[in-house]
Number of protein chains: 2
Amino acid sequence: MPPNLPSVSDSTIRRLSLYLRVLEELNEASEPTVSSRRLAELAGTSAAQVRKDLSRFGSFGKRGLGYAVDPLERHLREILGLQRRWPVVLVGAGRIGSALFEYPYFRERGFEIVAVVDRDPAKVGRRWNGVKIEPVESLSKVVRELGTELGILAIPADDAQATAEALVNAGIRGILNFAPVQLHLRPEIVVNEVNLTLELEALSFALHGSSRATSPERD
Amino acid sequence: MPPNLPSVSDSTIRRLSLYLRVLEELNEASEPTVSSRRLAELAGTSAAQVRKDLSRFGSFGKRGLGYAVDPLERHLREILGLQRRWPVVLVGAGRIGSALFEYPYFRERGFEIVAVVDRDPAKVGRRWNGVKIEPVESLSKVVRELGTELGILAIPADDAQATAEALVNAGIRGILNFAPVQLHLRPEIVVNEVNLTLELEALSFALHGSSRATSPERD
DNA sequence: TTTATCTTGTGAAGCTTTTCACAAACAGGC
DNA sequence: GCCTGTTTGTGAAAAGCTTCACAAGATAAA
Ligand SMILES: NC(=O)c1ccc[n+]([C@@H]2O[C@H](COP(=O)([O-])OP(=O)(O)OC[C@H]3O[C@@H](n4cnc5c(N)ncnc54)[C@H](O)[C@@H]3O)[C@@H](O)[C@H]2O)c1
Ligand SMILES: NC(=O)c1ccc[n+]([C@@H]2O[C@H](COP(=O)([O-])OP(=O)(O)OC[C@H]3O[C@@H](n4cnc5c(N)ncnc54)[C@H](O)[C@@H]3O)[C@@H](O)[C@H]2O)c1
């Protein structure tokens, strides 16, 4: 086993996820192979980038031919850790939480929301498609019993930090955070922030500021 | 007015949005000033990064003191183009669409969903908090009449490309896309992709692959 | 077998972003 | 007015990421 390689960049991983989706589609369309050029086109990047990304993990292609779709799809799943099932705990059974819960594609990819936790007594006890909403007090117990390592935080920003800490104490190692606050947790805990207002603001800047706001105002 | 400066990087813009939120909080807490160090801490970056980011747009701080919270907040709003109101059209009144529609913070930041469009006849005609759901056929008319430049795509992946093109033809210049497909549009159209499965997969990789999958498998 | 054509895998080059480090500026106390 | 302690703004260095360009491997056809 080789020693620690230079770690894989986040952007590479995110692209692998895009490639995987494209490969799924190609597979459904019964395309046997795909070249880096075509894969790049479909995933919105460059052929060289595709090859560089993949070459970090092995040599999956055949020169002159390209990549065999089905095996490459399997390789990517393995690299991304998607062969196993990932039980997930959802904290916050509100608007965004329920949308996520009902989204079928997560489960298809192996992410299964096996527990839902909420603070609101009016929601606790309800059943969502077989999953009972638990009170926040049971969070730790639920996480431990179900062995979940991934958590989705879909609660107001005020409570996000404290609840994230509770998740970590219960054994959660990765968090997808929808609350618009920066979580401060131990460095080995992986956190992905989804900040939709920020996405809109980036659009706002691009439309408003592209020509205008790049000029520094000095006196 | 200076000629075209080297364009501002996307990561800088995204951080500005984070700074803005932190400044809002500091403002509410009546903190008069903030140092780059503290701002960095709260936004999850480094002090040097904060100063570099801000210095692209002007000199907003005072040496020895830091930045005055309220004026800096206003500067950032101006840079990001948030002084004006941004009317937004929402395409897809489903699970994620309704969560977004009901999210109050967008409006607070100036992003106001003024039109909702859906294909489902059962949904068309309903009123959401004063906004009537329109049929897809009216998309172009609605966009033109309301003068919306921003669109949110919250429909299944199959229809996303065609509908995105319809949005662009109607005059939309920026799109926030929740459908998990890469949109191919004219380069002057700004698109931000929100891919939640990808976010979970990045977590999966980090937990599964951190120690394991970085080793290339060669024969 | 040889030739023509394709496409990968990958060092090296080029580019972008982040970090470093320090002079210059400012406030407050004496 | 001058010293002390602080913090910005910014070139320069370092690190990281993407693109380039091509040798090497593979196929197919003659
Ligand atoms: N709705 C959106 O489209 C949207 C968009 C961007 C960001 N967000 C963010 O996502 C988060 C959730 O938003 P939402 O619109 O679903 O809110 P919501 O009010 O609809 O739902 C929040 C849910 O969390 C529960 N809750 C509150 N505090 C809790 C706690 N400490 N522990 C457990 N449960 C708790 C509430 O009872 C409620 O059911 C917020 O941080 C919001 O800023 C939402
Ligand atoms: N729900 C989630 O949490 C979630 C998570 C990640 C990604 N997404 C993506 O967001 C998109 C929407 O997901 P959803 O869960 O809200 O789906 P949904 O089925 O609940 O809602 C989709 C809505 O779009 C409407 N629609 C379909 N085709 C249309 C068209 N051509 N024009 C106008 N309206 C049309 C449907 O009538 C429906 O109301 C999908 O691409 C999905 O992959 C959703």
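First the proteins, then the strands, lettered A, B, ... as listed; each starts at 1.
Taking atom CD on A:Glu41 and atom P on C:dT7, their separation rounds to 12 Å, with Å as the unit. The distance from atom CZ of B:Arg37 to atom P of C:dC20 is 14 Å, rounded to the nearest whole Å. With rounding to whole Å, B:Ile13 atom CD1 is found 15 Å from C:dT16 atom C1'. The interatomic distance linking A:Lys52 (NZ) with C:dC15 (P) rounds to 16 Å, in whole Å. The distance from atom CZ of B:Phe57 to atom P of D:dG9 is 14 Å, rounded to the nearest whole Å.
With the nearest nucleotide of DNA chain D identified for both A:Ser11 and A:Lys62, A:Ser11 has the one nearer the 5' end. Comparing B:Ser9 and A:Arg63 by the nucleotide of DNA chain C whose heavy atom lies nearest to each, the residue mapping closer to the 5' end is A:Arg63.
The closest side-chain donor-acceptor pair between B:Ser11 and B:Arg15, if any, does not fall under 3.5 angstrom.
Between C:dT19 and B:Gln49, a contact under 4.0 Å exists linking OP1 or OP2 to a side-chain N or O. Applying the 4.0 Å criterion to OP1 and OP2 of D:dT8, one finds that B:Arg51 has a side-chain N or O inside that range. Regarding contacts with the backbone of D:dT8, a side-chain N or O of B:Ser36 is found under 4.0 angstrom from either OP1 or OP2. Side-chain N/O atoms of B:Tyr67 include one lying less than 4.0 angstrom from OP1 or OP2 on D:dG9. The phosphate of C:dT18 has OP1 or OP2 within less than 4.0 Å of a side-chain N or O from B:Arg15.
Of the listed nucleotides (D:dT10, C:dC26, C:dT10), D:dT10 has the atom at the smallest distance from the side chain of B:Ser55.
Note on A:Glu193 versus B:Arg14: no salt bridge recorded, every NZ/NE/NH1/NH2 to OD/OE distance being 4.0 Å or above. Using a 4.0 Å cut-off between charged side-chain N and carboxylate O, A:Arg21 and A:Glu25 make no salt bridge.
In this pair, B:Phe57 and A:Phe205 present their aromatic rings perpendicular. The plane angle is above 60°, beyond the 30 to 60° band.
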